[in-house]
A.B. asks: 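First the structure, which I've put down as structure tokens, then a few questions once you've had a look.
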Amino acid sequence: MKALLLLLLVGVLGCWAVEVKRPRGVSLSNRAFYDDSKPFTCLDGSRTIPFDRVNDDYCDCADGTDEPGTSACSNGRFHCTNAGYKPQYIPSSRINDGICDCCDTTDEYNSGALCENTCREMGKKEREELQMAAEIAREGFRVKQLLIEDARKGREEKQTKLQDMVQRRQALQSQVDALRLQKEEAEKPEQEAKDAHQKAWEEHKEAEKAEEDKQRSLEVFTELDQDSDGMLAASELRSHMELDVDGDGAMSDEEAQSLLGDTSVDVGIFQESVWPQIREKFKSETDAQAVPPIEEPTESHPEVPEDEDEEDGDEGEDDEEDEPEEDIRVPPSKAQEAEPEMPPYDEVTQALIDAAQTARSTYEEAEKSLRDMEDTIKGLEKEISLDFGPTGEFSYLYGECYELSTSEYVYRLCPFNRVTQKPKHGGSETNLGSWGSWAGPEDNKFSFMKFEHGTSCWQGPNRSTLVKLSCGKDSILTSTSEPSRCEYLMEFFTPAACHPPPEVLPDDHDEL
């Protein structure tokens, strides 16, 4: 109330001051220097002149102070009283230039320009704007007080939660260590049982394979023993050219005897010493007979006149280049059989596997809980360490993002995190900077946010963004620009930037 009365008193005095006699273009605060009862001294003290040379349309003072109401001095200044609005100074060169600069029209006293005194209307409009801004500031400041209280409570809760989680982490770490030992203890007999099962299975397959090979060797011996006397002679091998030893395409008696190691061998010696030598080479006649013959397709070729046959000579050359397809059919006896599956584990082994799996699942679940807890602790420590303003009023912005859509891009501001730009019609997102620091002046540090080290520009610096924080009832990103290459400027309205509003002069000030 006292502040309002003071403003009213100043307004009244201001109106009275308009009537104080003084030279044209002189402000009330400088009236004392213009006393018409004595010579005038230039305000820079450079010289003293008779008072009748003030405003005589001739510049006598170097600082132009002897001609406040004329355009004689290029560096002179004319004071507009603008009663009902804001007083102002204009360059003296604008006096009587035909353009109305002062809302009270006093600068065009001798130009003939038809100026209208608009000070009262301008003053009223300004006061309305100031009252609206004051209302916004008042509401924003009220919200700010709530934000400060929420920030205080939130910080206390986070600190309590952090302390609790740090203590619980120690217990959970011990539990994870114990479960790891239990898992390892359960996995050891499990692995031993699985290895034993695997070994038994491999041995079983080897035994079956050996038995199959033995049976195969007996079948081959029977096939080679053409006279069925139970003895295999060298002469009985000569018909099998695939067993050729020296690679000359013929099977001699000497080569056959070298394979047998004797003139003749019985089935036992054959299986022990001969069969290993010929196992991969031997081709059974019965297998060859089992492969169906390849039937060549028969085509009827109509008789072609000799002339036409000569014309088609090129096509005939193409036909000669065609090669017959290779017969890749494999005899049934050589066909690859599917690998048999290992039989299920026995009950004892399966019980060990189930126990180990339970131990693994319990351990993995506890380990995941520990990782989640550590992530939460890191997040809390980071949040608590951030500077959210003198009383934490900006903490509500943490973890939030705000967007601004233009004709080409969508800008996204995430306070205390980063700023991005994404094309509206397709394209990848560009990082305009990550949270750096508060960047306002010393007396208003928290009025600007600095985001730096963004995506580098082509042959230029890394992108960065400066965010101006203005008072507003709501949190909203309103504008973005690029004053310099790769340096962006945004304006963000937030209640956290509001301060107590000043008192605004009432409307009846117009009447003073």
Side-chain angles (χ1 to χ4, degrees), residues 3 129-162 378-404 411-421 431-454 461-484 486-504:
E129 292 174 350
L130 290 174
Q131 287 174 349
M132 184 178 298
E135 178 59 30
I136 292 174
R138 196 163 20 250
E139 177 61 20
F141 186 71
R142 184 190 68 79
V143 175
K144 179 179 179 179
Q145 302 310 304
L146 300 177
L147 294 175
I148 292 174
E149 180 62 19
D150 290 343
R152 183 187 64 79
K153 292 180 180 178
R155 184 177 180 84
E156 291 176 354
E157 291 174 357
K158 289 179 176 63
Q159 288 176 332
T160 301
K161 182 178 180 181
L162 178 60
K378 289 180 182 178
L380 288 171
E381 289 175 341
K382 177 183 178 182
E383 185 174 354
I384 291 173
S385 67
L386 288 172
D387 185 358
F388 290 129
T391 49
E393 58 267 34
F394 294 99
S395 64
Y396 83 100
L397 297 174
Y398 184 76
E400 300 293 331
C401 292
Y402 304 86
E403 290 188 351
L404 172 64
Y411 294 89
R412 185 176 176 86
L413 167 65
C414 301
F416 307 104
N417 188 358
R418 64 175 188 157
V419 181
T420 60
Q421 173 197 64
N431 184 3
L432 302 186
S434 299
W435 168 247
S437 62
W438 294 102
E442 290 185 6
D443 60 342
N444 196 10
K445 172 184 174 182
F446 301 97
S447 59
F448 284 89
M449 284 180 162
K450 179 70 173 179
F451 295 81
E452 50 198 359
H453 306 304
N462 289 348
R463 290 174 172 82
S464 63
T465 302
L466 190 65
V467 180
K468 178 184 178 182
L469 301 178
S470 301
C471 173
K473 293 188 293 184
D474 302 310
S475 303
I476 182 172
L477 182 62
T478 61
S479 65
T480 181
S481 60
E482 190 176 0
S484 300
C486 307
E487 295 181 359
Y488 298 82
L489 177 63
M490 295 180 171
E491 185 169 17
F492 181 72
F493 284 81
T494 168
C498 294
H499 300 284
E503 293 291 344
V504 180

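As the structure is a computational prediction, the values presented were derived from the model and not from experiment.
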A.B. asks: Before giving the answer on side-chain contact (heavy atoms from CB on, under 4.5 Å), spell out for D387 and W438 the whole-Å C-alpha distance, their side-chain angles and the decisive distance to 0.1 Å.
C.D. replies: CA-CA 9 Å; D387 185 358; W438 294 102; 3.9 Å; yes
A.B. asks: Determine yes or no for a side-chain-to-main-chain donor-acceptor pair under 3.5 angstrom, with T478 supplying the side chain and E491 the backbone.
C.D. replies: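 Looks like yes, one N/O pair under 3.5 Å.
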A.B. asks: Under the side-chain contact (heavy atoms from CB on, under 4.5 Å) test against L489, which residue among S484, S479, S481 passes?
C.D. replies: S481
A.B. asks: List the residues meeting side-chain contact (heavy atoms from CB on, under 4.5 Å) with V467, not counting sequence neighbours, and say none if there are none.
C.D. replies: L413, M449, F451, T465, L469, M490, F492
A.B. asks: If I compare all heavy atoms of G472 with all of C498, which pair ends up nearest, and what's the gap?
C.D. replies: N-SG, 3.5 Å
A.B. asks: For the residue pair E452 and N462, establish whether any side-chain heavy-atom pair is separated by less than 4.5 Å.
C.D. replies: no
A.B. asks: With side chain to side chain donor-acceptor pair (under 3.5 Å) as the rule and sequence neighbours excluded, what pairs involving residues 151-161 come up?
C.D. replies: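 Sorted result for residues 151-161: E149-R152, R152-E156.
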A.B. asks: Within this structure, what is the CG-OG distance for the pair N417 and S434, rounded to the nearest 0.5 Å?
C.D. replies: 7.0 Å
A.B. asks: What residue pairs, at least two apart or across chains, pass salt bridge (Lys or Arg N to Asp or Glu O under 4.0 Å) with a residue in residues 461-483?
C.D. replies: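 Checked against salt bridge (Lys or Arg N to Asp or Glu O under 4.0 Å) - neighbours excluded - no pair reaches residues 461-483.
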A.B. asks: With sequence neighbours excluded, give me every side chain to side chain donor-acceptor pair (under 3.5 Å) pair touching residues 392-403.
C.D. replies: T391-E393, Y396-S475, Y396-T494, E403-R412
A.B. asks: Centroid separation under 6.0 Å, is that true for the rings of F388 and F416?
C.D. replies: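 Ring centroids of F416 and F388 are less than 6.0 Å from each other.
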A.B. asks: Any side chain to side chain donor-acceptor pair (under 3.5 Å) pairs touching residues 440-451, not counting sequence neighbours?
C.D. replies: none
A.B. asks: Where do E381 and K378 land on the salt bridge (Lys or Arg N to Asp or Glu O under 4.0 Å) test, with the steps shown first?
C.D. replies: CA-CA 5 Å; E381 289 175 341; K378 289 180 182 178; over 6 Å; no
A.B. asks: By side-chain contact (heavy atoms from CB on, under 4.5 Å), which residues pair with E135, not counting sequence neighbours?
C.D. replies: R138
